[in-house]
Amino acid sequence: MDVHTIQIRREEVERELARLNERVSSLSTELEELIIAEKVLERLSGAKRNSSSSANERHAPQAAKKAKGKLPTVREMIKEALMDASQRNVEGLTPNEIRQYIKNVHGVEIKQQINTTASRMYHDLKEIGKNEEKGIFMIPVNKKPADDTTVESPSTGYLDNLLAKGREAVPGGGA
């Protein structure tokens with residue numbers, strides 16, 4: 001066996017791993033959708049639900065762990081879970097639902113840190129929204145990307161608010 005044969009085999013193995021990782025990702029997404037569909041049907045039918053932790057542990061894919069690369073930060077995983085919910089037209093997620101999403105998608109179990117990080121993201125960083133009555137976190141509806149700023153809809157950023165403070169409109173445009 002020479003080096004060239006080994007390199008060829010190595011490339012074949014890398015392609016196969018990439019294909020399998022893509023398949024695992026696809027199946028993990030499908031599994032998450034099936035779990036959600038199952039919960040919705042149970043809720044709508046009024047059927048008695050199993051304890052959510054044992055039912056979800058049964059469905060949790062261990063192969064969903066990221067095979068390559070670093071695991072995203074807790075903040076990134078929370079945003080990912082909320083974006084996923086938003087794309088599925090779900091109003092928001094409770095900390096337990098965020099925790100379950102992270103466990104299903106990333107294969108990592110995060111306990112109390114979800115509550116504290118999500119609260120900090122809401123209260124201090126203003127990165128996410130929260131419906132206090134329902135106890136759910138969400139992607140803010142009024143959050144617009146910077147690309148959407150036009151002459152017709154100017155930015156209402158910090159500098160604009162700072163310049164406008166303490167000024168009152170007077171005839172003739174003088175201040």
Side-chain angles (χ1 to χ4, degrees), residues 17-18 20-149 153 155-161:
L17 278 173
L20 291 173
N21 284 334
E22 188 175 308
R23 181 74 175 135
V24 166
S25 175
S26 171
L27 290 173
S28 295
T29 301
E30 182 180 356
L31 181 60
E32 180 68 23
E33 291 169 353
L34 290 170
I35 291 170
I36 292 166
E38 183 180 39
K39 287 179 183 178
V40 169
L41 288 174
E42 287 175 347
R43 191 176 308 139
L44 292 175
S45 70
K48 186 175 180 179
R49 297 178 67 187
N50 297 339
S51 86
S52 61
S53 62
S54 66
N56 290 334
E57 284 173 12
R58 177 182 60 192
H59 296 296
Q62 293 302 319
K65 293 180 182 179
K66 297 285 184 190
K68 291 187 178 181
K70 293 191 319 185
L71 195 63
T73 64
V74 174
R75 282 178 48 205
E76 291 169 340
M77 290 188 284
I78 290 172
K79 285 182 193 176
E80 179 184 322
L82 296 177
M83 285 299 292
D84 177 70
S86 175
Q87 290 171 350
R88 291 182 288 109
N89 293 324
V90 174
E91 183 181 359
L93 299 175
T94 65
N96 283 337
E97 291 168 330
I98 295 171
R99 194 173 293 113
Q100 192 59 47
Y101 173 89
I102 292 170
K103 182 177 179 182
N104 289 341
V105 172
H106 296 283
V108 177
E109 191 160 346
I110 300 175
K111 303 245 186 240
Q112 185 63 26
Q113 189 177 2
I114 295 295
N115 295 10
T116 55
T117 303
S119 292
R120 186 171 49 91
M121 290 171 71
Y122 169 64
H123 289 291
D124 301 338
L125 303 174
K126 310 288 189 231
E127 291 179 327
I128 59 175
K130 182 176 183 181
N131 182 327
E132 299 280 349
E133 291 177 4
K134 295 180 181 178
I136 58 174
F137 291 98
M138 66 200 76
I139 298 297
V141 176
N142 60 353
K143 191 168 189 172
K144 283 178 33 175
D147 302 351
D148 290 350
T149 303
S153 65
S155 168
T156 57
Y158 176 75
L159 186 59
D160 297 336
N161 291 335

Would one find more than 12 heavy atoms of other residues, nucleotides or ligands at under 6.0 Å from atom CD of Glu22?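 Open: at most 12 neighbouring heavy atoms sit under 6.0 Å from CD of Glu22.
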CZ (Arg120) with more than 12 external heavy atoms under 6.0 Å: yes
Got a second to check how far [X]'s [atom1] is from [Y]'s [atom2], nearest 0.5 Å?
X      : Y      : atom1 : atom2 : value
Ile139 : Lys79  : CD1   : NZ    : 8.0 Å
Thr116 : Gln112 : OG1   : CD    : 6.0 Å
Arg75  : Thr117 : CZ    : OG1   : 9.0 Å
Arg43  : Glu38  : CZ    : CD    : 12.0 Å

Could you check whether any side-chain heavy atom of [X] comes within less than 4.5 Å of a side-chain heavy atom of [Y], counting everything from C-beta outward?
X      : Y      : value
Ile78  : Glu127 : no
Asn21  : Ser25  : no
Ile136 : Thr94  : yes

Can you see which heavy atom on [X] is nearest to which on [Y], and at what distance?
X      : Y      : result
Tyr101 : Glu32  : CD1-OE2, 4.1 Å
Ala81  : Ile98  : CB-CG2, 4.2 Å
Ala118 : Ile128 : O-CD1, 3.5 Å
Lys126 : His123 : NZ-O, 2.6 Å
Gly92  : Met138 : CA-CB, 4.1 Å

So, applying side-chain contact (heavy atoms from CB on, under 4.5 Å) with Phe137, which one of Leu93, Ile114, Leu82 is it? Leu82
Considering the options Ile36, Ile35, Leu41, which one meets the side-chain contact (heavy atoms from CB on, under 4.5 Å) requirement together with Lys39?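 The side-chain contact (heavy atoms from CB on, under 4.5 Å) with Lys39 is passed solely by Ile35 among Ile36, Ile35, Leu41.
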Applying salt bridge (charged side-chain N to carboxylate O under 4.0 Å, His left out), which residue pairs with at least one partner in residues 83-99 are found, sequence neighbours left out?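 Listed once each, the pairs are Asp84-Arg88, Glu91-Lys134.
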